[in-house]
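Below is one structure, written out as structure tokens, with a few remarks after it.
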Amino acid sequence: MSGVKNVEPFAEGFVAALCPELIIFAGLILLIIVPNLGKGTFRIPGTQTRLMWFLGGDRFRVTSNPKLPAWIATITLGAAFVQTILSFQDGVERTAIVTESGTQLMLVNGFSRVFELIFFGALTLAAFASMNRLEVRGVGPRLSTDDLYNNRRQADFYILMLTCGLGMSVVALAQDLFVLFIGLELASFSTYVLVAFYKESKAGTEAGMKYFIVGSVASGVGLYGLSMLYLWAGSLQFDALASQFMIDGTDPLPLIAMGFVLVGFGFKVSAAPFHFAAPDAYAGASSPVAGILATASKAMGIIGLLRMLLIVASPEASEDGTVWLTLLGVLSLVTMTWGNIAALGSTNPKRMLAYSSVAHAGYMLAAITAIGAWNWDDSLAGDGGESAVAVLTALIFHLVVLVAFKLGAFLVLSILESDGDASRLSSLGGLAKREPFLAVAMFIFMISLAGVPPLAGFVSKLLVIMGIVKVAVGQIGAEIIAGGDLGLSDVHWVWWLAFAMVINSAISMYYYLRIGVVMFFDEAEEGRRGPLPAGWQVRFAILACLMATLFMGVASDKLLEICEVAAQSLNYDWN
Amino acid sequence: MVLLAFVSNGNERMRARLVGPVRMACLIFSLVMLTITTGMFFQYFGDVTWMNIAFNDYEFQFTYVWIESLGIHWAVGLDALSFPMIWLTTFLLPVTIIATWNEKQGATYFPLLLMMGGALIGVFVSLDLFMFYVFWELTLIPMFFLILKWGGKDRRYAAQKFFIYTFTASVIMLLGLITLYFLQDPYSLNYSGTMTGRSFSIPELIDNAKASNLGDNWYLGAQMQKILFVMLMIGFLVKLPAVPFHTWLPDAHVQAPTGGSMLLAGVMLKMGAYGMFRLPISLFPHALYHFQLALMIIGMVSLVWGAIVCLGQTNLKKMVAYSSVSHMGVILIGIATMQPMGWAAALFMMFAHGIISPMLFAVCGAFKHHYHSMEIGAMRGMARHSPWLATSMMFAWMASLGLPLLAGFVAEIMMLIALWHMISLDGWSIWWMVGPALVLALTAAYYLWSMQRTIFEGGDAGQPPENMIGKPIPDIANSEKFAMLIMALFTILFGIMPWIGLDMMDDWTKQAFEGLIVFVGKGGA
């Protein structure tokens, strides 16, 4: 690993490297303190003197405003987001955070920066849009206990959002499996509570419980695998694990351990057969939170998978494809098909989006499978990883743009949820008449999810398919041009994953279109003909998502470059 | 256009007020486009005669880098294959707008028609596979909304079926295109992407293919060429549509509003045939030889099956829709004859059907609009009540069944001659003539029979539809009369002087044959 600047914690360069995280941390502390500022006093023991120390007591008018936490969280996350974008401007400097003994804990590079972009982008939009979600019953210092308690929840919600963001970015940065797990758990625990936060509905509580139980079992299994890996390699550093894997990677112990760890991440990306909690969780959580689960949380799981599968059990470590190739190929096929078939039959838009998210997890797994197969062709010797980088670029691009249209769709549902409920297909009815902007936006999100040009969803799906085909075709083109007569049987079998993706896209078209049909064709439900609840913040967030969906569809060049840099920096041996 | 669509999303009253100006603006815009394309034909814009353009050479070329890392370009150009289609699109747009002048909710309807036209033109001009695919899919969205919002009773089912059928086919085509993309030698083309090293440029692909198809080398090898040919053809055959992929068409047509049907039948179906000529045929002539028999069978089955089903229809619009399937069979047979005459027949059929079928649907639309029924037996003696509608109906029906001196006849007779050529030159069985002969009779039968039942019969007083007994029966509106008149005039024009369009098509065919087929020996398969 050349060209890496090693920085010890709190040494010079530390702040610059971890600026977005530190911003979040500062915001977190602000968020804890600020709502508590008031006219509280402190009596010096043994005297009658009371000193103002501004904590507790009657809150000030400004600090008691229940909207304040939302603004703090949004501004914090937004600042972190902007900071991340700015760091791209003159190339990302590779900085490693090391301990005194030189062990790498975190690595800041293009890869982690792009994922920070995803996390902070999604969270900013979700936090901003949530401003209209949590009910505000009163503003001011003198309220009933219930109302005060309710206002207090506002702060809790956004604190959890920030911890979630912090945990996720730690996952993106981690160079050590243990650090990664700490980040993962920090983010997971925040999301468990966030899912259960929608306690106004019974489904919310149930969803929180289910998500927590299944999630902690998955984490437990992952942690068990982690301990086995430590037993085997004596270290949890990715580098150490990878070099150990080169030596005896096909022993049963590391393979079983890896399997266990993958269960943990598989749950996060909601890959079949670990996806069962996902539809319940999405349906029960408030929509912005469900949007985070489907975008940021999923990206976090993908990081785990990439690190384990591509760095530790890397494709170069074994001849003709990696050990996990077939397994992952089958998983991806099952995941995408299962997700789509289940989505066909679900009449709850949120469950449908959850299953569509399962299907998308299948597409991503297909991409990872293709990366695992990139050195299958002996004649690819000249390919130092270009194909792998191409697929990885596509995968990262997909995760980035997914934030725009997946979260956007959930935000539209969020408005409907505050209007009453969004758990039936018919609650979308007549949306085109009630608020045309939302209907058009939702339709665009839907066909973008389905992959219709010229939207971002099309470009990302096209890139993934292109990456897979590129790997599968390999140098066959050159052989053919040299006069060989080769057919599909000579192409690597991952080509059929691309075929499955294509067929699955066609299946998925049905349920995405159904949403559009209901919005434009059906009448609104009884008693829901009136205008939708106001709230410019959520509409602004939807507009931002819409613009991103359209813009990334036609002008994806710049983002593609960033993603390519990120893909190259996952593994510097590929370029 | 897009701006207009947005503007029209105001409130209802605003919308009502907007209809007039929006409609006018759409009409003017489409007329300007028509003027431009017509001007191109008469060489007012650009000195292009559309003759002697070498195969795979394009006029009015323009290239701009779109996504550099993937080798995607905004590349447009015209040749004698695409120009007639573009002229047809620009011709149909104003005609459609006029014919459906009084459509409800016009402020969104007319801009959608324009968007549709824009996407269609995009398909025909694009010289980049990516761009081609983008526009190809883009045509689905306005059509989906046209059917969904202005359609008949089962529009919901029809719109979804239409979208899903064509989308499925085109994603398979997309996978074929991507596989083709990666089978090329990296960095062998001018417009290669920086990341992938390949290019989406259609002219370069065709150049490469042509160079390698020279002699008896199959471009990309025999197996691969066949696989890719099939994958691409699936996309185009569903769009065309050919039996057994045709079932979306009658549903979509019956439910679609008149304007939607006119554009759907007039231009959108031709996208399938256009795509065949542009990609699989130009790239894989060997595979075309290999699958000649299969195409011929599909074409024959479409032709005969479409005609037979027509006989059994009681719904006027459904009958016309199936007659489209039958006519698309003619195009497919024309291609499968592998005779220059057959290809030219296919091209001219695309064009002629593009003028006649919108007229058929305009008649159906007027029928529905004024008699609130589509059933053939619903009324009799129309000639007495609505002479204008009866006359246009008769004219359109005659044109479609191939009356001499009308445009449809030219294409059909050319197809028959090409078929004879094929039989006598290439030694095919004479039994191949049975299908077209049978269909000639069948077509005449279903058209005449339906005319007899609607226009004539019913005694001197006629027999108005039940729901209109006692009310005055209106004739078609002036705008409809005008649109019908224009379409009829052009049908006659291209029937009497087919060379106006046929010359350039014939020329393209000749060039294409010289470029492709001559090198491919008969033993190519």
4.5 Å side-chain heavy-atom contact, Q568(A) and E564(A): yes

Choice from L183(B), I172(B), L70(B), T168(B) maximising heavy atom contacts with chain A below 4.5 Å: L183(B)

Heavy-atom pair count under 4.5 Å with chain A, highest-scoring of M224(B), Q225(B), E137(B): M224(B)

Distance-only polar pair, side chains of W495(A) and T179(B), donor-acceptor under 3.5 Å: yes

Heavy-atom contact with chain A under 4.5 Å, split by part of W136(B): neither

Part of F135(B) within contact of chain A (heavy atom distance under 4.5 Å): neither

Side-chain ion pair, R514(A) and D522(A), N-O less than 4.0 Å: no

Crowding at CZ, F551(A) (>12 non-hydrogen neighbours, <6.0 Å): no

Reported CG-to-CG distance for the pair L395(A) and L463(A), which is rounded to 0.5 angstrom: 11.0 Å

Region of L174(B) that comes under 4.5 Å of a non-hydrogen atom in chain A: side chain

Region of M173(B) that comes under 4.5 Å of a non-hydrogen atom in chain A: neither

Which atoms of I447(A) approach chain B - backbone, side chain, both or neither, heavy atom under 4.5 Å: side chain

